[in-house]
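Any value given below was found using the heavy atoms of this structure, including those in side chains, with hydrogens, waters and symmetry copies removed.
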Amino acid sequence: MSDSHEFKRLNFFKGFLASEKDWNDGEGYHVDKRRLHARSLHAPGVVPGHAGELRVVARARGELAVEVQPGYAVDGAGNDLVIAEPTIRTLELDQLRLPQTVYVVLRYTEELADYVAYRENVDYKGHRRVLESCKVEISITEPDLSREVELARIALDKGVARIRDARDPDHPTANEIDMRYVPQAGRAGGTLVPAQRLELGAMLSSLRRGAIDYTRRGVVAAHDVVQGCNTALMMASANLVDLGNLFEVMRLIVDAEAELALDVDAHHPHIAHKKELAEYRRQVEILRGLVGERAATADSFRNLVAYQAKLAELAAAAIAGEKAAIEVPSEIVEIRPIDIRDWDPVKSMPEPPRELELAGTTWVLVDDIEILDPDSEQKHMFAIVGSKDSYKSRHKLRYPDGTVLSAGGRAHVEGYAEFKLHNLTPGRPLVILRRMDYVYGDYELELTINGKRAGTVTCAGTDRVNRWRNWPAMIAQDLITEATAMIRQQAVTADRDINLFHIWAYQPRA
């Protein structure tokens, strides 16, 4: 219907003889007016915060089916689409040509209901109601928001055996439920009660003050936490935050808090080794899970406030007594401000040389381990311990510059790899370079040296074409106290294949 439609409202008067057409026109007037308002003043899409928000989840049985949670949406024509109970839809592979992307969509439907016929007069019959409903359907065409609302999409591979929830919702892979393209309905004003608004404001202000203290100590990533809190405080002041969108707002802040911990690990070892920072990292992972659930409930709100309050306490305790200008202990030789990002060019080198000149610092190879070489592994006490699965492999792969190289290595799922490095100079930082198959990426490793925590290494991204990379990890100079060191690397990310094909150890020349 065009928005220029002429509206006529019923006008009753004494002696008005109403017919069924008059009554139906009266109902149609209100329906059309409601749809006009919806499509003109509100963005179409899924209404946040209502029931289960129409979230699409995988079936626990590992079926080729998905389950749509209850919720409410508005399509581009202004129709209300409501699901009161979970709805299951199965993918019929025999009707698809794999590989193919399928779409889970919600479409508005109307049908006449409650039919009645009167025996006294057969001319008096008809349907007493019009049932406004909607259907969940699996489509192979790109959704059209004017007549349907996308709830999810799935890129199906050949040989797909089951549908899974996305491990990383921001980067879903094949056969995983992708909800990045779900439209969000527009609405005005938040629904937090005054007590919740005060709690939210106090929490954000506390996080902002704590992050400012870290910026004064040179932690660059803390600026992002400050800016995230500033934005959230402005949104809360404008009454634009409620349980429906709070967890999306806080997701950015929690990610920035995780980056703050990584920044401290890489560039501020005098803070990173404190027990409060280890607990801080654990709390951040709990918060990531909490905001990822997006449960719009009062209990989730209370948990969020409580965990963030604990996080603020831990962050403050970690720098208690630390001066803004950190002095380097006299017994440790300060080479120069060194950044692990200096090593980015080395990631793509087919054969790292014995000496490297990076950002004004000369790095010298002090030790290396040839994986699968029995003598080299025995000399360095190389072992994989406590793994759920481990295996040997030999690959002939390509570096980004086109060099093709064959190498053998080991891989493990869960557990950890450990090895002993020799020829180290105490008081100088150490960079461990690991040749890896980059087709398996997007995970984090935790390093320890002689039983002490040495930081977290983030292996971000993947490459399915040029698969060789040399991934660097830096250990702070104050942890290098002897000529040998026992190194352990353990995956923080669950159920990921961690592979090693060669290990090089570098230290800067004095």
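Put simply, the side chain of Val439 does not reach to within 4.5 Å of the side chain of Thr462, judged on heavy atoms. Looking at heavy atoms from C-beta onward, Leu277 lies out of side-chain contact with Arg453 at the 4.5 angstrom threshold. Side-chain contact between Leu156 and Ile163 is present, with heavy atoms from C-beta onward closer than 4.5 Å. Residues Arg469 and Asp437 fail the side-chain proximity criterion, which asks for heavy atoms closer than 4.5 Å. Between Val219 and Val264 there is a side-chain heavy-atom pair separated by less than 4.5 Å.
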Kindly determine whether Glu285 and Gln283 satisfy side chain to side chain donor-acceptor pair (under 3.5 Å), including the steps that lead there.
-> CA-CA 5 Å; Glu285 291 306 312; Gln283 294 285 333; over 6 Å; no

For salt bridge (Lys or Arg N to Asp or Glu O under 4.0 Å), just list the numbers for Glu176 and Arg164, CA-CA rounded to whole Å, side-chain angles, deciding distance to a tenth of an Å, and then say yes or no.
-> CA-CA 5 Å; Glu176 291 186 341; Arg164 295 183 173 87; over 6 Å; no

Please report the C-alpha distance between Val385 and Glu418 in whole Å, then the side-chain angles of each, then the deciding distance to 0.1 Å, and finally whether the side chain to side chain contact (heavy atoms under 4.5 Å, CB included) criterion is met.
-> CA-CA 8 Å; Val385 181; Glu418 65 179 7; 4.2 Å; yes

So Leu365 and Glu355, side chain to side chain contact (heavy atoms under 4.5 Å, CB included) or not? Walk me through it.
-> CA-CA 6 Å; Leu365 181 69; Glu355 289 192 6; over 6 Å; no

Mind running side chain to side chain contact (heavy atoms under 4.5 Å, CB included) on Leu204 and Ile253 for me, showing each step along the way?
-> CA-CA 10 Å; Leu204 293 169; Ile253 295 175; 3.8 Å; yes

Check step by step if side chain to side chain contact (heavy atoms under 4.5 Å, CB included) holds for Ile480 and Gln507.
-> CA-CA 10 Å; Ile480 311 300; Gln507 285 189 288; 3.9 Å; yes

Check against side chain to side chain donor-acceptor pair (under 3.5 Å), Thr297 and Asp299 = CA-CA 5 Å; Thr297 64; Asp299 285 342; 5.4 Å; no

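A donor-acceptor contact closer than 3.5 angstrom is absent between the side chains of Tyr506 and Arg354. Using a 3.5 Å distance cut-off with no hydrogens or angles, the side chains of His380 and Asp367 do pair a donor with an acceptor. Counted by atom type alone, His270 and Asp478 present zero donor-acceptor pairs between their side chains at under 3.5 Å. Between Glu357 and Thr362, the side chains place a donor N or O and an acceptor N or O closer than 3.5 Å (distance only, hydrogens not considered). For the residue pair Arg410/Asn499, the side-chain donor-acceptor check at 3.5 Å is not satisfied.
Centroid-to-centroid, the aromatic rings of Tyr214 and His268 stay 6.0 Å apart or farther.
Taken from CG in Leu287 to CZ in Arg251, the straight-line distance is 13.5 Å, to the nearest 0.5 Å. Atom-to-atom distance recorded for Arg394:CZ and Phe501:CZ is 9.0 Å, nearest 0.5 angstrom. In this structure, CE on Met436 lies 16.0 Å from NE2 on His502, to the nearest 0.5 angstrom. Taking CD of Glu150 as the start and OH of Tyr103 as the end, the distance is 7.0 Å to the nearest 0.5 Å. In this structure, OG1 in Thr493 is found 11.5 Å from CD in Glu414, a value given to the nearest 0.5 Å. With rounding to the nearest 0.5 Å, the separation of OG in Ser206 from CG in Leu311 is 9.5 Å.
Between the side chain of Asp442 and the main chain of Gly461, a donor-acceptor pair closer than 3.5 Å is present. Using modelled atom types, one side-chain atom of Asn423 and one backbone atom of Val366 make a donor-acceptor pair closer than 3.5 Å. Between the Asp497 side chain and the Ser390 main chain, no donor and acceptor come within less than 3.5 Å of each other. Between the side chain of Ser139 and the main chain of Thr141, a donor-acceptor pair closer than 3.5 Å is present. Looking only at distances, a side-chain donor or acceptor of Asp263 sits under 3.5 Å from a matching main-chain atom of Ala221. When atom types are taken as modelled, the side chain of Asp463 and the backbone of Asn466 share a donor-acceptor pair closer than 3.5 angstrom. A donor-acceptor pair under 3.5 Å is formed between the side chain of Ser376 and the backbone N or O of Glu370. Glu377 contributes a side-chain N or O that, together with a main-chain N or O of Leu372, makes up a donor-acceptor pair within less than 3.5 Å.
The aromatic rings of Trp343 and Trp363 sit perpendicular, their planes meeting at an angle over 60°, well past the 30° parallel limit. Classification of the Trp468-His395 ring pair by plane angle, with boundaries at 30° and 60°, yields tilted.
Geometric assessment of Arg467 against the ring of Tyr438 yields a negative cation-pi assignment under the 6.0 Å and 45° thresholds. Figure legend: cation-pi geometry between Arg153 and Tyr181, with NZ or CZ positioned under 6.0 Å from the six-membered ring centre and within 45° of its axis.
Salt-bridge formation is not detected for the pair Arg341/Asp344: no Lys NZ or Arg NE/NH1/NH2 atom is positioned less than 4.0 Å from an Asp or Glu carboxylate oxygen.
In the displayed structure, Tyr416 atom OH is contacted under 6.0 Å by more than 12 heavy atoms of other residues, nucleotides or ligands.
Heavy atoms only, all atoms of each residue included: Val56 and Met179 are closest at N-SD, 3.6 Å.
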